K.L.:
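Before I ask anything, let me first share the structure, which is written out below as structure tokens.
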Amino acid sequence: MNIRIGNGFDAHRFKKGGKLILGGVEIAHHSGLEAHSDGDVVLHAVCDSILGALAKGDIGQHFPDSSDKFAGIDSRLLLRKVYQIMSDDNYVIGNVDITIIAQAPKLADHVQSMCDNIAQDLHVSQSAISVKATTTEKMGFTGREEGIAVMSSVMINSVD
């Protein structure tokens, strides 16, 4: 069995109005995230971690923000496309570990729904998906509530 590990990171700044979507879940908040797509930093980081494990570049290479085709796109669709790239290369998810870095909003009530969405889109058991949220104790751009950052790690296994 061939095992690969990938890491992903994404960060977006808040913008007044709009929807805040994290892990495919709409979360009540006074601001959304500025982005070409729906701004789902969680799914963007997961996509990058999978693409990194495959040595296939990053989300911007596959879904460029210079293309109108991806304007406002649901990031779950992007994750499903990345899943297909991985599947076409004969890999499956071993596990995904995600850390959301945000001072606000509080995310504990939404973590299970995020796990459910990601597990569904990656065709794995919910036990293979971990989503955690933390703050930076009011330090840095996330601490000043200017935006949200996410780190993701993934292990994939070949099915050959």
Side-chain angles (χ1 to χ4, degrees), residues 6-54 56-87 93 95-126 128-136 140-156:
N7 294 302
F9 176 83
D10 199 21
H12 287 265
R13 75 179 77 233
F14 282 120
K15 69 173 183 177
K16 291 290 183 193
K19 295 178 181 179
L20 177 61
I21 301 171
L22 299 173
V25 177
E26 187 173 338
I27 297 168
H29 193 59
H30 57 74
S31 298
L33 292 171
E34 189 175 308
H36 185 67
S37 67
D38 64 3
D40 191 330
V41 289
V42 172
L43 299 186
H44 297 175
V46 172
C47 286
D48 270 350
S49 63
I50 295 168
L51 291 167
L54 294 168
K56 297 230 179 229
D58 63 32
I59 193 171
Q61 291 172 293
H62 292 266
F63 315 108
D65 62 8
S66 58
S67 172
D68 289 341
K69 180 178 176 181
F70 304 112
I73 194 167
D74 180 338
S75 293
R76 289 188 71 186
L77 295 175
L78 302 180
L79 182 60
R80 291 175 194 144
K81 290 177 184 284
V82 169
Y83 169 81
Q84 191 59 56
I85 292 168
M86 180 188 70
S87 183
I93 294 291
N95 73 299
V96 181
D97 184 30
I98 301 159
T99 303
I100 304 168
I101 306 156
Q103 197 67 41
K106 296 299 181 195
L107 299 173
D109 292 342
H110 306 285
V111 165
Q112 189 57 54
S113 295
M114 290 183 213
C115 289
D116 293 346
N117 288 341
I118 296 166
Q120 180 182 6
D121 292 343
L122 295 178
H123 303 272
V124 294
S125 164
Q126 294 170 349
I129 308 298
S130 171
V131 175
K132 307 170 301 299
T134 191
T135 70
T136 56
F141 81 93
T142 60
R144 291 187 300 270
E145 298 184 33
E146 296 170 9
I148 294 177
V150 177
M151 298 183 303
S152 173
S153 297
V154 65
M155 183 181 72
I156 61 174

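Small disclaimer: the values here were computed from a predicted structure and weren't measured.
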K.L.:
Once you round to the nearest 0.5 Å, how far does CD of Gln61 lie from CG of Asp48?
P.N.:
9.0 Å

K.L.:
When rounded to the nearest 0.5 angstrom, what is the spacing between CG in Asn117 and NE2 in His110?
P.N.:
12.5 Å

K.L.:
Output yes when a side-chain donor or acceptor of Thr136 lies under 3.5 Å from a complementary backbone atom of Gly143, and no otherwise.
P.N.:
yes

K.L.:
In the structure I gave you, are the side-chain heavy atoms of Met151 and Asn7 within less than 4.5 Å of one another anywhere?
P.N.:
no

K.L.:
Kindly give the heavy-atom pair with the smallest separation between Gln103 and Lys106, and that separation in Å.
P.N.:
O-NZ, 4.0 Å

K.L.:
Is it the case that more than 12 heavy atoms not belonging to Lys19 sit under 6.0 Å from its NZ atom?
P.N.:
no

K.L.:
CE of Met155 to CD1 of Ile50: how many Å apart, nearest 0.5 Å?
P.N.:
12.5 Å

K.L.:
Quick one: OG on Ser75 to CG on Asp10, what's the gap to the nearest 0.5 Å?
P.N.:
9.0 Å

K.L.:
Return the CG to CD1 distance between Asn95 and Ile156, rounded to the nearest 0.5 Å.
P.N.:
11.5 Å

K.L.:
Would you name the heavy atoms of Phe63 and Val82 that are closest together and state the gap between them?
P.N.:
CE1-CG2, 3.8 Å

K.L.:
Going by atom types only, do Asp116 and Gln120 share a side-chain donor-acceptor pair under 3.5 Å?
P.N.:
no

K.L.:
Within the distance-only criterion (no hydrogens, no angle test), does the side chain of His62 pair as donor or acceptor with the backbone N or O of Lys56 below 3.5 angstrom?
P.N.:
yes

K.L.:
Between Ile98 and Met114, is there a side-chain heavy-atom distance shorter than 4.5 Å?
P.N.:
no

K.L.:
For a quick test of reading the model, state the closest non-hydrogen atom pair linking Phe141 to Ile148 and the distance between them.
P.N.:
CE1-N, 4.1 Å

K.L.:
Looking just at side-chain N and O atoms, do Ser87 and His123 make a donor-acceptor pair shorter than 3.5 Å?
P.N.:
no

K.L.:
Show, in sequence, the C-alpha distance, side-chain angles and deciding distance for His44 and Ser37, and conclude whether the side chain to side chain contact (heavy atoms under 4.5 Å, CB included) test is met.
P.N.:
CA-CA 10 Å; His44 297 175; Ser37 67; 3.1 Å; yes

K.L.:
Measure across Ala102 and Thr142 and return the closest heavy-atom pair with its distance rounded to 0.1 Å.
P.N.:
CA-CB, 4.5 Å

K.L.:
Once rounded to the nearest 0.5 Å, what's the spacing between atom CG of Leu22 and atom CG of Asp40?
P.N.:
6.0 Å

K.L.:
Please walk me through it: do Asp97 and Ser153 pass side-chain hydrogen bond (donor to acceptor under 3.5 Å, both in side chains)?
P.N.:
CA-CA 5 Å; Asp97 184 30; Ser153 297; 5.6 Å; no

K.L.:
Of the non-hydrogen atoms in Phe14 and Ala104, which two are nearest, and what is the gap between them?
P.N.:
CZ-O, 3.6 Å

K.L.:
Quick one: does Leu43's side chain get under 4.5 Å of Leu78's, heavy atoms only?
P.N.:
no

K.L.:
What's the shortest heavy-atom distance between Val111 and Val131, and which atoms?
P.N.:
CG1-O, 3.2 Å

